[in-house]
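As structure tokens, the structure follows; a few thoughts come after it.
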Amino acid sequence: MTEHPSIVLAAAGITKTFGNHTALDGVDIAFHRGEVHALLGENGAGKSTLIKILTGAYIPDGGVISVDGENVNFTTPQQAQALGIGTVYQEVNLLPNMTVIDNLFIGRQPTNRFGLVDKRRMERESREILTTYGLDIDVKAELSTFSVAVQQIIAIARAVELSGKVLILDEPTASLDRSEVEKLFGIVRQLRDRGLAIVFITHFLDQVFELSDRVTVLRNGRLVGTQAIASLDRTSLVRMMLGKDLAFHHPDVLGEEGEVGETLMEFEGFGLTNSVQPFDLKIHRGEVVGVAGLLGSGRTEMARLMFGIDHADSGAIKIDGSTRQVRNPREAVELGFGFCPEDRKIDGIFGDLSVRENIVIAMQARLGWFKALNRDEQLEIAGNFIEALDIRTASAELPVKLLSGGNQQKVILARWLATDPRFLILDEPTRGIDVGAHAEIVRMISRLREDGLALVVISSELDEIVSYSSRVVVMRDRKMVAELHGADITPGVIVQTIAAQPAEAEA
Ligand SMILES: Nc1ncnc2c1ncn2[C@@H]1O[C@H](COP(=O)(O)OP(=O)(O)OP(=O)(O)O)[C@@H](O)[C@H]1O
Ligand SMILES: [Mg+2]
């Protein structure tokens, strides 16, 4: 391996195959002290696999790894940790039923002079650690009682504590809001200035330019190259990732009101105490209603209410003019609703089931179990969606947890499309998805709209919302504060509306 005085962690010729699928093919990479190094590539490019190999979670089929110039053979993540490599894997792997304190200290509990676990110290330090992230929470509470964003911060805090030399973050910002991202970046910069190497995987190009010093791009398991960020612009970076120029599809002008189809859904005074204030919303066939708002503004709560996961305590739903009950998701599915939730790990994906089973499960529920689809029928349906959505998987029989994050997202989308819904709720459908798949999903949303579906799409990507919505509702503090039409549907107006002081907005 070529030596460079500041290289702390390096790998050469890393190869890894799964069955007959080559996930990594002779990849060389080196991380320097005092740098933020972004690792980029499309969904399925091999980023997470490379990280798992560098940290002992997977054993490579070939190649050499070295830490401070010494070859190492990690066979467990604990060995990498012991050498000062802290990692947050893409799938948060904390223990939901243990307390925040236990999660922060597992495997490294401090003991007092009697050799007993020093609980008081753990509690105090837990609070101190989380304060640096602006989190003031009950550290004795079970982890599962907190939101995904909070859990993510706890995973990051734990990795930072463990990272004496290298901190690896696999899509750490996917569930964080802007202020949380800023805190994280502040901490990352401090650690970099202290001489740590930070490895940062993300699909947000802005964040790459904001934070990193160098980037390495992988494509289809191969190294495309490593470059200083200063030598790149967005276009050249995207070209490295895709191997071609991206033709982003700009939207056709969306129909003004009246041009969309007839009313399908009417929510009237629909709400839940302490969750979402009562709102009115009409949704037409062939229309996308975009939902904008900060994380925590009540966007997801609104979606859960619409789909019957939570129970509205005021108001009513009309479908095609008649009042209908949606008491639970099963009834929602029977009425032709579909819902792709925000966090695929917690709500959506059945990791141990195959891609095929994950795709047909909602459809089967809608058909009723006595009309069980046989395996060939299932395979045909799954195969169609794998092709239509370009789901990258070695086979339809692979457990879905083995797919890359973005491809799992597409599987959930396929699941709901297979039910042939008339009303589809998508909560952050493009989160954690690479540029290529991102453009595909945005195109698909427009196609579904053209096919006459009524859609509600929650997204933090304002450019995206603007591109497909014929109306945009804005949520703030668990309340629908505005409905934007026509020329008002611009990122600027949406931001202003989100940011407006409550008094101004209601005036
Ligand atoms: N344990 C496994 N068994 C089978 N295939 C796997 C396994 N882990 C990863 N793969 C496959 O290897 C390829 C690379 O996956 P990886 O998770 O490294 O991608 P990624 O670059 O992290 O993508 P994303 O941006 O979507 O997270 C994918 O095609 C994936 O399906
Ligand atoms: Mg990944």
Side-chain angles (χ1 to χ4, degrees), residues 11 14-27 29 37-61 63 77 87-93 152 155 168-175 199-205 207-208 215-224 237-238 240-243 343-345 348-349 351-356 358-359 382 386 389-414 428-441:
I14 298 294
T15 300
K16 179 78 184 171
T17 55
F18 295 109
N20 55 10
H21 178 76
T22 303
L24 290 172
D25 187 1
V27 172
I29 196 161
H37 193 130
L39 181 56
L40 306 178
E42 282 197 276
N43 294 135
K47 305 177 296 290
S48 298
T49 304
L50 181 60
I51 293 313
K52 287 179 183 157
I53 286 174
L54 289 172
T55 58
Y58 285 171
I59 315 267
D61 299 330
T87 313
V88 179
Y89 296 102
Q90 188 169 9
E91 282 72 33
V92 175
N93 52 351
Q152 183 72 9
I168 301 177
L169 302 169
D170 192 348
E171 294 197 43
T173 59
S175 55
V199 183
F200 176 51
I201 299 182
T202 183
H203 289 294
F204 296 110
L205 294 186
Q207 297 184 355
V208 173
V215 297
T216 292
V217 176
L218 297 180
R219 186 165 71 233
N220 290 329
R222 294 216 179 83
L223 176 72
V224 177
L237 190 54
V238 169
M240 279 174 86
M241 289 165 65
L242 296 183
D343 181 64
R344 55 186 176 253
K345 178 83 189 295
I349 211 86
D352 294 316
L353 298 188
S354 68
V355 173
R356 165 180 57 84
N358 268 281
I359 291 178
I386 288 171
L389 303 187
D390 191 19
I391 298 171
R392 309 274 167 91
T393 177
S395 114
E397 296 305 324
L398 208 64
V400 78
K401 67 181 177 196
L402 300 183
L403 266 60
S404 78
N407 282 301
Q408 292 185 18
Q409 186 79 335
K410 291 193 203 169
V411 168
I412 300 205
L413 210 49
E428 296 283 3
T430 57
R431 188 158 86 189
I433 285 201
D434 67 58
V435 268
H438 195 285
E440 257 171 63
I441 287 188

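Just follow the structure's listing: the first ligand is 1, and inside any ligand the first atom is 1.
Atoms of ligand 1 found under 4.0 Å from any heavy atom of Y58 (numbered from 1 in listed order, with element): 1 (N), 8 (N). Listed by number with element, the atoms of ligand 1 under 4.0 Å from a non-hydrogen atom of Q90 are 27 (O). In summary, the atoms of ligand 1 found under 4.0 Å from a heavy atom of E42, numbered by their order in the structure, are 21 (O). For ligand 1, the atoms lying closer than 4.0 Å to a non-hydrogen atom of H203 are 25 (O).
Between OE1 of Q90 and OG of S48, the angle at the Mg ion (ligand 2) works out to 80°, rounded to 10 degrees.
Between I201 and I51, the closest side-chain pair of non-hydrogen atoms falls below 4.5 Å. Residues V88 and Q152 are in side-chain contact: their nearest non-hydrogen atoms beyond the backbone lie under 4.5 Å apart. Contact annotation: the side chain of K410 approaches that of N407 to within less than 4.5 Å [non-hydrogen atoms, C-beta and beyond]. Side chains of H203 and K47 form a contact here, defined as non-hydrogen atoms less than 4.5 Å apart. Residues T216 and H37 meet the side-chain proximity criterion, which asks for heavy atoms closer than 4.5 Å. Inter-residue side-chain proximity for T49 and Y58 is flagged as met; some heavy-atom pair is nearer than 4.5 Å. No side-chain heavy atom of R392 sits less than 4.5 Å from a side-chain heavy atom of L403.
Counting only heavy atoms of the protein, atom 12 (O) of ligand 1 lies nearest to A23 CB, 3.4 Å. Atom 14 (C) of ligand 1 has its closest protein heavy atom at G44 O, 3.4 Å. Distance from atom 10 (N) of ligand 1 to its nearest protein heavy atom, with residue and atom name: L402 O, 3.3 Å. Nearest protein heavy-atom contact of atom 29 (O) of ligand 1 is H21 NE2, 3.1 Å. Nearest protein heavy-atom contact of atom 6 (C) of ligand 1 is F18 CD1, 3.2 Å. Of the protein's heavy atoms, T49 OG1, 3.7 Å lies nearest to atom 15 (O) of ligand 1.
For the ligand labelled ligand 1, residue K52 lies outside the 4.0 Å heavy-atom shell. Put simply, part of L403 is less than 4.0 Å from ligand 1, judged by heavy atoms. The shortest heavy-atom distance from E171 to ligand 1 is under 4.0 Å.
Side-chain N/O atoms of T15 and D25 include no donor and acceptor closer than 3.5 Å.
Checked against a 3.5 angstrom limit, the closest N/O atoms of N407 and ligand 1 fall outside it. Every N/O-N/O distance between L398 and ligand 1 stays at or above 3.5 Å. Between G41 and ligand 1, no N or O atom pair is found at a separation short of 3.5 Å.
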* Can R219 and E42 be said to form a salt bridge (Lys or Arg N to Asp or Glu O under 4.0 Å), step by step? -> CA-CA 7 Å; R219 186 165 71 233; E42 282 197 276; over 6 Å; no
